[in-house]
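Here the structure is a predicted model, which is why all the values come from computation and not from measurement. Just so you know, residue 1 is the first one in the sequence shown, and it goes up from there.
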Amino acid sequence: MPTSEHATTTAAVTARPITPDELDAFIAVDQMAFGHTPVVARPPSTKLLEVDRSIAGFAGERMVGCLSAYSLQLSVPGGARVDTAGTTWVGVLPTHRRRGALHAMMQAHFAEVMDRGEPLAALWASEPEIYGRFGYGVASRALGLRVGAGSLSRRPIYGDRPEVLLRNASAGHEDLQGIYDTAAAQRPGATQRSDGWWAKAWFDPPENRHGSSELRVLTVPGRGFAAYSTKGWDPDGELTIRDLISTDHAARAALWEVLVSHDLISRVIWDHAPADEPVLDWLGDRRAVQEVFDQLHVRIMHVPAALTQRTYAAAHDLVLEITDDLVPHVAGTWHLHVDIDGTASCERSTRAPDIRLGVRELGAAYLGGTTWEHLARTGFVEVLHPHEMLTASRAWLHDPAPWSTHVF
């Protein structure tokens, strides 16, 4: 068995990085943990898998758990891209639950993240209640929309009605990269999209369509795009949105107008709309929201690096006393000073804290989608100086709301 400085042992399980020849076993554990039918061929997502960041849990010599990380950059308030470990491929065999496998793998994962100097870790959770105990806080939310087809009931006035063009997704994404990058800088929680991530986002083999059309793309050149497929005819026709990105609201309205007025379509479905999606106002129907769910979970790994790379809406001083049982250098008292231009400094302090909180709550507030006031009302943050907390609560808030542009 190879040794590693990132190996971790609990009473029953040892966690360590895998070797390249263990990749097939690693994938098989993931498939069994998630209840998928094991396949001989590696799934397409393995092209993005970083083997040198993949950790397995072992009971003796048997692999019983898996965890990996993508090397990402996450957009934060102000538009900066912060190096982020995208925690992913997390699973434990059903025969080895409750034996410390996940805890051991997470400890090894955090050690590797700290060695790389990444200020953040983030994930999408299949079971969200699991990850709070490892310090991940829910930092963004999304909407599941079911929109009746027809037309926008309230036509927005933006001064221009841009032209919308149609093509197949197979034509490529090269002319859309600039749109995506501009939009991602505006939206905390967005991750960069390389060619590999475009391929994953628009992966569309015929065997996966289940009666739907091939993926098609609407574009407002230089300003926005929407990838979608259709299935069936009216009165049962469905249009499902895969991707909808825009740099301005006029382009977004133009895209939505085409989507909801598509011939032979009765409903438009989007399972990952931003929490502040403006189409709800254009439709005049907020009952189109079928579900509100957690999206991106953020974990702070380095307090000064994380807090100083985002900007804030107002100058303020805030002293935070943070508890963190898993990453000791995060715990302690920190003084955040924000200048009038929104830039920040952060250092350890001996001052009395304004608020006391866990690292989970810090992650929840980090992208500007959850306020300190809300966390205080829920009882998860102890407020010692209300005035400083209220000032900071408004300064940390971000509009537009944080939103992750794709699942990882």
Side-chain angles (χ1 to χ4, degrees), residues 71-85 87 107 109-122 132 134-137 139 188-189 296-376 380-398 402:
S71 301
L72 303 176
Q73 289 186 317
L74 190 72
S75 290
V76 300
R81 292 179 172 182
V82 178
D83 290 338
T84 301
T87 312
Q107 286 184 314
H109 172 51
F110 288 163
E112 192 257 356
V113 173
M114 287 186 284
D115 281 355
R116 287 176 176 260
E118 293 165 320
L120 304 174
F134 295 104
Y136 292 83
L296 199 64
H297 296 229
V298 170
R299 212 264 189 225
I300 305 299
M301 299 299 297
H302 192 286
V303 175
L307 298 192
T308 58
Q309 289 191 68
R310 62 154 291 176
T311 60
Y312 303 84
H316 66 283
D317 277 280
L318 186 68
V319 181
L320 307 97
E321 185 179 304
I322 303 168
T323 57
D324 190 341
D325 296 332
L326 296 176
V327 184
H329 72 253
V330 168
T333 303
W334 299 91
H335 173 211
L336 174 69
H337 172 76
V338 180
D339 290 324
I340 195 168
D341 63 357
T343 59
S345 62
C346 184
E347 59 186 11
R348 289 197 179 274
S349 176
T350 58
R351 288 174 49 177
D354 298 316
I355 60 175
R356 291 193 178 104
L357 69 157
V359 66
R360 176 179 183 175
E361 284 65 54
L362 184 60
Y366 178 67
L367 293 180
T370 301
T371 66
W372 293 119
E373 290 170 278
H374 173 77
L375 292 169
F380 297 132
V381 168
E382 181 183 0
V383 179
L384 292 96
H385 296 99
H387 176 74
E388 283 76 6
M389 184 275 293
L390 289 171
T391 302
S393 190
R394 289 156 177 76
W396 285 53
L397 189 65
H398 190 274

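Of the N and O atoms on the side chains of Thr343 and Tyr312, not one donor lies less than 3.5 Å from an acceptor on the other residue.
Between Thr308 and Ala305 the shortest heavy-atom distance is OG1-O, 3.7 Å. Considering every non-hydrogen atom in both Pro353 and Leu384, the closest pair reads O-CB, 3.6 Å. Closest approach of Pro119 to Gln309, counting heavy atoms only: CG-NE2, 3.7 Å. Pairing each heavy atom of Ala395 with each of Ala314, the nearest pair is CB-O, 3.6 Å. Across every non-hydrogen atom of Val381 and Leu357, the tightest pair is CG2-CB, 4.0 Å.
Under the 3.5 Å distance criterion, the side-chain polar atoms of Thr84 are matched with a main-chain donor or acceptor of Val82.
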Mind listing the side-chain donor-acceptor pairs of residues 358-369 below 3.5 Å, one per line with the distance, residues two or more places apart or on another chain?
residue : atom : partner : partner atom : Å
Glu361  : OE1  : Gly358  : N            : 3.3
Tyr366  : OH   : Ala306  : O            : 2.7

For residues 324-333, dump all side-chain donor-acceptor pairs below 3.5 Å to protein atoms at least two apart in sequence or in another chain.
residue : atom : partner : partner atom : Å
Asp324  : OD1  : Arg299  : NH2          : 2.9
Asp324  : OD1  : Leu326  : N            : 3.0
Asp324  : OD1  : Val327  : N            : 3.1
Asp324  : OD2  : Arg299  : NH1          : 2.7
Asp324  : OD2  : Arg299  : NH2          : 3.2
His329  : NE2  : Met301  : O            : 2.7

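One finds the NE2 atom of His316 at 12.0 Å from the CG atom of Leu390 (value rounded to the nearest 0.5 Å). To the nearest 0.5 angstrom, Trp396 atom CH2 is 12.0 Å from Thr311 atom OG1. Arg81 CZ to Leu72 CG: the interatomic distance, rounded to the nearest 0.5 Å, is 11.0 Å.
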